[in-house]
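Throughout, residue positions are numbered sequentially from 1 according to the sequence presented. Owing to the predicted nature of the structure, the values given are computational and were not obtained by experimental measurement.
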Amino acid sequence: MNKLNAAPASLPPHTSDTPIRRRSLIAACSAHAIHDGLTDVIYVLLPIWQAQFSISYALVGLLRGSYSGVMAGLQLLASRFATRWGRKRVLVGGTALAGIAYLIAGQAGGVAMLLAALMIGGLGASTQHPLASSIVTDTHEAGGGVKEALSQYNFAGDIGKTLIPGLIGLLLVAVNWQTGATLLGLIGLAFAGLLWWLIPAHVDRPPVHAKSVKASTGTGSASGMRALLMTGTIDSAVRMGFLTFLPFLLKSKGAGTASIGVALSLLFVGGAFGKLFCGYLGARIGMMKTVWITESATSLCILLAVWLPLFGLMAMMPLLGLALNGTSSVLYGVVPDLAAPGKRDHAFALFYTGTIGGGALSPILFGRLGDMAGVSTAVMMLAAILLLTLPLSWKVRQGLAS
């Protein structure tokens with residue numbers, strides 16, 4: 001055990017060993033899939049919880065935001081824990097904790113216990129984004145293809161978003177939500193065991209020697225990083241706010257629980273391909289052009305979601321998902337280019353803290369607006385706010401060019 005713990009310090013921070021690269025990417029993709037699935041299955045459960053506990057849209061937003069808020073607030077801490085105890089232990093422990101949270105949620109008899117369970121889930125989920133994305137970046141940098149690998153990593157997250165909410169939505173036709181939550185908890189624990197086996201010891205710890213990473217880090221543009229953080233925060237806030245309202249929008253058009261689960265699956269299928277496609281597109285035509293295309297399309301699709309009937313909205317789900325989720329893949333790929341020397345783990349943690357923090361506050365704020373003015377008005381407001389990302393992406397490009 002002592003040799004295992006000591007080994008990473010004597011190894012190069014980046015490796016071109018193909019088996020390690022492949023295994024690390026599979027581990028990171030698996031972590032992303034299960035965590036994103038466990039995070040976004042909440043959207044299927046929100047209408048059920050609202051009906052069972054007779055809660056307002058603002059409290060619905062608080063339930064959703066509690067998971068994301070804790071996840072956002074503790075990501076920087078997760079990065080520091082990884083430096084001390086290793087990425088493997090922290091990421092596996094976080095995955096197990098996310099599973100335990102759903103086991104607790106399955107026993108919840110009231111909103112208070114459900115809220116506590118979701119906060120525990122957010123604590124576990126805080127480990128995934130900064131650690132898994134850094135593992136992908138570190139293992140692929142020496143051989144090239146970092147942006148493409150990050151696109152695959154993001155694609156895997158949407159596979160989890162597609163499968164888990166869709167399956168649970170169908171399952172809830174036959175069983176109660178408590179049984180579904182318990183099953184989610186068991187799946188989380190099973191994936192924690194899988195990650196313990198998959199993650200290689202060679203990439204267990206972040207690079208600690210500035211000299212070894214200086215050549216391979218980005219420009220360290222502070223202004224570019226701030227603009228990127230603001231762009232990602234707005235994009236995430238709109239996405240999380242819209243996804244919180246989408247089940248209720250579908251329900252108002254006549255959709256049932258199974259239909260909502262299918263709609264979310266169609267949305268996340270489009271989102272999965274959107275992240276993969278836009279990651280490659282961003283590498284070809286540039287970040288700014290890709291963001292302008294995806295964010296403009298997203299704003300238009302959100303407005304159409306309000307106006308279209310149920311059939312039209314269901315048919316539009318894959319296209320909406322492609323535009324809604326595609327931007328994030330481009331933004332993730334820019335983080336290594338703007339990170340200061342030796343600060344990649346910190347940059348990823350900071351970026352995810354801001355973006356997921358915006359996503360956590362959005363359902364609460366716009367949930368209140370939904371209570372006051374209606375769901376349709378709140379959704380249209382989200383479409384307008386999203387257009388603020390267009391000038392910000394131009395500022396990010398300036399940071400990349402500096």
Got a sec: does the CE of Met119 have more than 12 other heavy atoms crowding it under 6.0 Å?
no
Rounded to the nearest 0.5 angstrom, the CE-CZ distance for Met317 and Phe268 is 10.0 Å
Evaluate the side-chain contact (heavy atoms from CB on, under 4.5 Å) criterion for residues Leu264 and Asp40: first the C-alpha distance (whole Å), next the side-chain angles of each, then the deciding distance (0.1 Å), finally the verdict.
CA-CA 9 Å; Leu264 288 171; Asp40 283 12; over 6 Å; no
List the steps and the verdict of side-chain contact (heavy atoms from CB on, under 4.5 Å) for Leu25 and Gln152.
CA-CA 8 Å; Leu25 182 59; Gln152 294 174 44; 3.4 Å; yes
Checking the side chain of Ser296 only, and the main-chain atoms of Ile293 only, is there a donor and an acceptor separated by less than 3.5 Å?
no
CG-CZ distance between Leu350 and Arg226, expressed to the nearest 0.5 angstrom:
11.0 Å
Can you find a heavy atom in the side chain of Trp196 that is under 4.5 Å from one in the side chain of Lys88?
yes
Looking only at side chains, do Asn176 and Thr179 share a donor and an acceptor under 3.5 Å apart?
yes
Tyr153/His129 under side-chain contact (heavy atoms from CB on, under 4.5 Å): CA gap, chis, key distance, verdict
CA-CA 10 Å; Tyr153 161 73; His129 282 114; 3.8 Å; yes
Main chain of Glu295, side chain of Ser299: is a donor-acceptor contact present, judged purely on distance under 3.5 Å?
no
Just wondering, are more than 12 heavy atoms of other shown residues or ligands nearer than 6.0 Å to CE in Met230?
no
For His35, all residues meeting ring-ring contact (aromatic ring centres under 6.0 Å, His included), sequence neighbours excluded
none
Are any non-hydrogen side-chain atoms of Val60 and Phe248 less than 4.5 angstrom apart?
yes
Hey, does Leu386 have a side-chain heavy atom less than 4.5 Å from the side chain of Thr389?
yes
Taken in chain and number order and not counting sequence neighbours, the residues that satisfy side-chain hydrogen bond (donor to acceptor under 3.5 Å, both in side chains) with Ser393 are Trp292
Quick check: does any side chain N or O of Ser68 sit under 3.5 Å from a backbone N or O of Gly65, one acting as donor and the other as acceptor?
no
Does the side-chain contact (heavy atoms from CB on, under 4.5 Å) test come out yes or no for Asp235 and Thr355, once each step is laid out?
CA-CA 8 Å; Asp235 176 72; Thr355 56; over 6 Å; no
When you compare the side chains of Thr294 and Thr327, does any donor N or O come within less than 3.5 Å of an acceptor on the partner?
yes
Please tell me if the side chains of Asp36 and Ile164 come closer than 4.5 Å, counting only heavy atoms from C-beta onward.
no
With no hydrogens and no angle check, is any side-chain donor or acceptor of Arg23 less than 3.5 Å from a backbone partner on Leu198?
yes
When you compare the side chain of Leu63 with that of Ile42, does any pair of heavy atoms fall below 4.5 Å?
no
Counterpart residues, side-chain hydrogen bond (donor to acceptor under 3.5 Å, both in side chains), relative to Tyr57 (two or more places apart)
none
Between Leu172 and Ile48, the two heavy atoms sitting closest are CD1-CD1, 3.5 Å
Student check: side-chain heavy atoms of Leu392 and Val396 closer than 4.5 Å
no
Is it the case that the side chain of Thr233 and the backbone of Gly354 share a donor-acceptor pair, with hydrogens and angles ignored and the cut-off at 3.5 Å?
yes
Below 4.5 Å, heavy atoms only, C-beta onward: do Asn325 and Leu267 meet side chain to side chain?
no
Keeping Ser252 on the side-chain end and Leu249 on the backbone end, is there a donor-acceptor pair under 3.5 Å?
yes
Roughly how far, to the nearest 0.5 Å, is the CG atom of Leu91 from the CZ atom of Arg87?
10.0 Å
Quick check on Met314: does its CE atom have over 12 non-hydrogen neighbours (other residues, nucleotides or ligands) under 6.0 Å away?
yes
Mind checking whether Leu38 and Tyr67 have side chains closer than 4.5 Å, heavy atoms only?
yes
List for me each residue that meets side-chain contact (heavy atoms from CB on, under 4.5 Å) alongside Ala373, sequence neighbours excluded, and say none if there are none.
Leu369, Thr377
Check Ser265 against Pro165 and note the closest heavy-atom contact, atom names and distance.
OG-C, 4.4 Å
Please list, chain by chain and in numerical order, all residues satisfying side-chain contact (heavy atoms from CB on, under 4.5 Å) with Ser362, sequence neighbours excluded.
Ala237, Phe366, Leu382
Tightest non-hydrogen contact, residues Leu186 and Leu103, listed as N-CD2, 4.1 Å
Can you check whether Phe53 and Trp49 have ring centres sitting under 6.0 Å from each other?
no
So how far is it from Arg368 CZ to Leu62 CG, rounded to the nearest 0.5 Å?
13.0 Å
Could you pull out the closest heavy-atom pair between Ala28 and Ala132, with the gap in Å?
CB-O, 3.7 Å
Roughly how far apart are Ile34 CD1 and Leu195 CG, rounded to 0.5 Å?
9.0 Å
Closest heavy-atom contact between Thr95 and Thr127?
N-OG1, 4.5 Å
Quick one: CG on Leu228 to NZ on Lys395, what's the gap to the nearest 0.5 Å?
13.0 Å
Backbone N/O of Gln50 and side chain of Ser54: donor-acceptor pair under 3.5 Å
no
For Val262 and Leu170, work out which heavy atoms get closest and say how close.
CG2-CD2, 4.4 Å
Residue pairs, two or more places apart or on separate chains, that pass salt bridge (charged side-chain N to carboxylate O under 4.0 Å, His left out) and touch residues 246-271:
none
